[in-house]
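Working notes for the structure below.
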2 protein chains.
Amino acid sequence: MVLSKSCDYGLRAAVYVAAHGDGRFVPIGEIAEALGVSFHFLTKALQRLSQHRILTSSRGPKGGVALARPAEAISVREVVLAVDGDDLFERCVLGLDHCGDDHPCPLHGQWKAVKAEMERIFTETNLRLLAERMEVGGMRLTNLG
Amino acid sequence: MVLSKSCDYGLRAAVYVAAHGDGRFVPIGEIAEALGVSFHFLTKALQRLSQHRILTSSRGPKGGVALARPAEAISVREVVLAVDGDDLFERCVLGLDHCGDDHPCPLHGQWKAVKAEMERIFTETNLRLLAERMEVGGMRLTNLG
DNA sequence: GTTAATAAAGACTCGCTTGTCCGAAATGCC
DNA sequence: GGCATTTCGGACAAGCGAGTCTTTATTAAC
């Protein structure tokens, strides 16, 4: 899998908040139910996002999580880095350590281009863009059925 | 990780055979030692490649594995598909089932391009090409040290 | 035929990711 | 202050990939 489940859930949750938050704190239970994922497991992913100042949170009644910044100021790349680290953008496709321009594996040159393309796409895509695609493009964050 | 360890080992082993095989059967023990990986675990990965007619094998003395076809007729894509299946080229980046042009996730359009690029690169790269890069390009299949 | 070498196949352990559960801390509401 | 609601944090279980070990089957060499 390219993204871990934690990252996947965290990203989908962040988009949900961007689309349905409206400035309020959104309870994690509401997000978990909307996405059809485990509440407790989602909680852990969102804690990572809060620790990285991507989300803010509030306990108690009317509590929940909210975007720490405007949705257009949070890129997909940031969310991925917060949860999964930079392996996706840095690691050798063959799993070799220190594979770089100096000591490359035979696929390094081509894979480097793929990684750069992934990073570019994730950098230029922000949560507002994704939220808008859900609203006007009819795209979905959840499994069918 | 983009490729599983099995796939990683299988691919590196196939390139090793392409580069150092010279038509003979190469014992898996020799490959495992050259790559610095577990013999028994590598054996499992190579069994998958044999079952998919990418390698042939022979038991007993002077036995081992060999390429089932000329190295230029075996693409990286084939090896990846044999070991890891088509998840890498087919699966939704957000892990949604049935994410396609009809019911896309908000990242589908962009991720589709990344998947196509990965598949293109893996399709046009064959084992002979990789073996040549090791011989004339000084590229490496193993970890340093 | 005997022996040694080698792939094939399955059982087993280990560690990490995923997922569950429970208690503690915070906070709004009465 | 008391209570309900909600996040935070750690402990725990389950599932899966990674890695080890043992046995069996096959084959070349003598």
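The chains referred to below are lettered A, B, ... by the order of the sequence lines, with proteins before strands, and numbering in each begins at 1.
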Residue pair A:Met134 / A:Leu130, side-chain heavy-atom distance below 4.5 Å: no
May I ask you to test the B:Lys44-B:Tyr9 pair for a side-chain heavy-atom distance under 4.5 Å? no
A:Lys115 and A:Glu90 ion-paired at < 4.0 Å: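 No, this pair does not count.
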Rounded to whole Å, how long is the line connecting atom [atom1] of [X] with atom [atom2] of [N]?
X: A:Leu46; N: D:dT6; atom1: CG; atom2: C1'; result: 13 Å
X: B:Asp8; N: D:dG17; atom1: CG; atom2: P; result: 16 Å
X: B:Phe39; N: C:dT6; atom1: CZ; atom2: P; result: 9 Å
X: A:Asp84; N: C:dT18; atom1: CG; atom2: C1'; result: 13 Å
X: A:Leu55; N: D:dC8; atom1: CG; atom2: C1'; result: 14 Å
X: B:Met1; N: D:dC16; atom1: CE; atom2: P; result: 17 Å
X: A:Phe41; N: C:dT20; atom1: CZ; atom2: C1'; result: 11 Å
X: A:Gln51; N: D:dT7; atom1: CD; atom2: P; result: 15 Å

Straight-line distance of [X] [atom1] to [Y] [atom2], nearest 0.5 Å:
X: A:Leu129; Y: A:Ile74; atom1: CG; atom2: CD1; answer: 13.5 Å
X: A:Lys62; Y: A:Arg24; atom1: NZ; atom2: CZ; answer: 9.5 Å
X: A:Leu42; Y: A:Tyr16; atom1: CG; atom2: OH; answer: 11.5 Å

Which parts of nucleotides 21-30 of chain C does protein reach within less than 4.0 Å, heavy atoms only, written one letter per nucleotide 5' to 3' as B for base, S for sugar-phosphate only and - for none? BB--BBBB--
side-chain N/O [X] vs [N] OP1/OP2, d < 4.0 Å:
X: B:Gln47; N: C:dT6; result: no
X: A:Ser4; N: C:dT17; result: no
X: B:Ser6; N: D:dG17; result: no
X: B:Tyr9; N: D:dA18; result: no

Hey, any chance [X] and [Y] share a hydrophobic cluster, counting ILVMFWY side chains that come within less than 4.5 Å of each other, even indirectly?
X: A:Leu94; Y: B:Val2; value: yes
X: B:Leu67; Y: B:Leu46; value: yes
X: A:Val79; Y: A:Met139; value: no

Of all the choices, C:dT20, D:dC8, D:dG19, which nucleotide is nearest to the side chain of A:Ser38 once you look at every atom? C:dT20
Within residues 20-30 of chain B: residues closer than 4.0 Å to DNA chain C (heavy atoms):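 Residues of residues 20-30 of chain B under 4.0 Å from DNA chain C: B:Val26, B:Pro27, B:Ile28.
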